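Taking it in order: structure first as structure tokens, then the write-up.
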2 protein chains.
Amino acid sequence: MAGPHISSEEETKERTSGWIASLADRGYRITGSRRAVVDVLAESGTSLSPAEIYEQGRAVHKQLGLVTVYRTLEKLEELGLVQRVHRPDGCHAYIPALRGHEHLLLCEQCGRVEYFRGDDLSELSRRLEGESGYTIHDHWLQFFGVCSQCQ
Amino acid sequence: MAGPHISSEEETKERTSGWIASLADRGYRITGSRRAVVDVLAESGTSLSPAEIYEQGRAVHKQLGLVTVYRTLEKLEELGLVQRVHRPDGCHAYIPALRGHEHLLLCEQCGRVEYFRGDDLSELSRRLEGESGYTIHDHWLQFFGVCSQCQ
DNA sequence: GATATAATTGAAAATAATTTTCACTTAGCG
DNA sequence: CGCTAAGTGAAAATTATTTTCAATTATATC
């Protein structure tokens, strides 16, 4: 199994420009406000609520409005680039979306997110389908703890 | 692996009286309103939002208030008897809490919940702890699909 | 580059979910 | 039974999110 994946600065920059390109490809205009939302979330190692994105985004683009944060998240979510993250204490924060068979490890204190691979649940999924009669579409495997910084 | 566990009527009755006993043990009074909330959620095979519990609970105890639904859920949650269930489209519904190493299989259409056992994630958890430096406290393994009734 | 125009913006209002307040009721001990 | 602190529902307050709308602006086209 690959270890958890700590994002490098290099990669988060690529993520930022990739998201901007996806928005443009889709026909959405690239505005200062959208850039600010993308910058903040793509380069954050932690999950962020709309209010946190708003606050941090204003450092980049001072006239940013909270409404635009919501609207931009909606578009990024629609493009599969970001997703809400669900935690025992709530699900109001966003992260760069999981890709392929990635799973999550989350810090309960600071919201830090690690992505890892290495557990194939498709066999279990098929077995469950057979035994339950469900048609299974998706799954979540998430671990919750405290990161080394927060200990 | 044991198959998913379909609750019998027998068992849900036991669950209802167990929850009532736990509330009483803890020193909480047993009122008609609390009984209604417990009845509805303990005997439901699907996840229910506070508003749904309120609506169904009024069939049992007509003066039930929505505020009391919230307050009773808070107490049941504190006692570890119920928990919020998180799904891609939201996390505003409650279910009887997982026990031991149970995991969830959820119907995206009707909210039906199946509990299953059979996957031990403790080894993966330990491995992740070592590689990430996190102290892991908890995990979720959840499958999402469409149940046989909803197909 | 200038310009036309439809997309996008932020502020304010509206809505929805949840929590708090408070005067009244009641479960359950003695 | 009667007492009393716990619990109640209605209404108000709070919080998160969405909608409305007039003003602004990104970008395709000249």
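So that the names make sense, note that chain A is the first sequence line, chain B the second, and so on, each numbered from 1. When reading the values below, keep in mind they use all heavy atoms of this one structure, side chains included, and skip hydrogens, waters and symmetry mates. Nothing here was measured: the structure is a model prediction, and the numbers come from that model.
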Whole angstrom value for the distance that separates [atom2] of [N] from [atom1] of [X]:
X       : N      : atom1 : atom2 : result
A/Glu55 : D/dA16 : CD    : P     : 13 Å
B/Arg58 : D/dT8  : CZ    : C1'   : 14 Å
B/Gln63 : C/dC24 : CD    : P     : 18 Å
B/Glu77 : C/dT18 : CD    : P     : 12 Å
B/Arg35 : D/dG7  : CZ    : P     : 14 Å
A/Asp89 : D/dA16 : CG    : P     : 14 Å
B/Tyr54 : C/dT18 : OH    : P     : 15 Å
A/Glu74 : C/dT9  : CD    : C1'   : 15 Å

Of the nucleotides [options], which has the atom closest to the [X] side chain?
X       : options                : result
B/Ile30 : C/dG28, C/dA11, D/dT8  : C/dG28
B/His92 : D/dT17, C/dT8, C/dT18  : C/dT18
A/Arg84 : D/dT17, C/dA6, D/dA10  : D/dT17
A/Arg71 : D/dT17, C/dT21, D/dT20 : D/dT20
B/Thr31 : D/dA11, C/dA17, D/dT8  : D/dT8

Report yes if the side chains of A/Arg112 and A/Gln149 come closer than 4.5 Å at any heavy-atom pair, otherwise no.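 A/Arg112 vs A/Gln149: side chains touch.
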
Which heavy atom of A/His86 sits nearest a heavy atom of B/Trp140, and at what distance?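 So the two residues come closest at O-CZ3, 3.4 Å.
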
Show the nearest heavy-atom pair for residues B/Glu52 and B/Ser47, with the distance to one decimal.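 So the two residues come closest at OE1-O, 3.9 Å.
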
At 4.0 Å (heavy atoms only), tell me whether A/Arg34 reaches a base, stays on the sugar-phosphate, or touches nothing.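 Result for A/Arg34 = sugar-phosphate.
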
Earlier contact from the 5' end, DNA chain C, for B/Arg29 and B/Cys91: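 Nearer the 5' end of the strand: B/Cys91.
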
Quick one about A/Tyr134 and B/Gln151 (side-chain donor to acceptor, distance below 3.5 Å, no hydrogens or angles considered), yes or no?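 Judged by distance alone, the side chains do not pair up.
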
Going by atom types alone, do A/Gln142 and B/His139 pair a side-chain donor with an acceptor below 3.5 Å?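 Side-chain D/A pair, A/Gln142 to B/His139: absent.
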
Looking only at side-chain N and O atoms, does A/Tyr70 come under 4.0 Å of OP1 or OP2 in D/dT18?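 For D/dT18, neither OP1 nor OP2 has a side-chain N or O of A/Tyr70 closer than 4.0 Å.
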
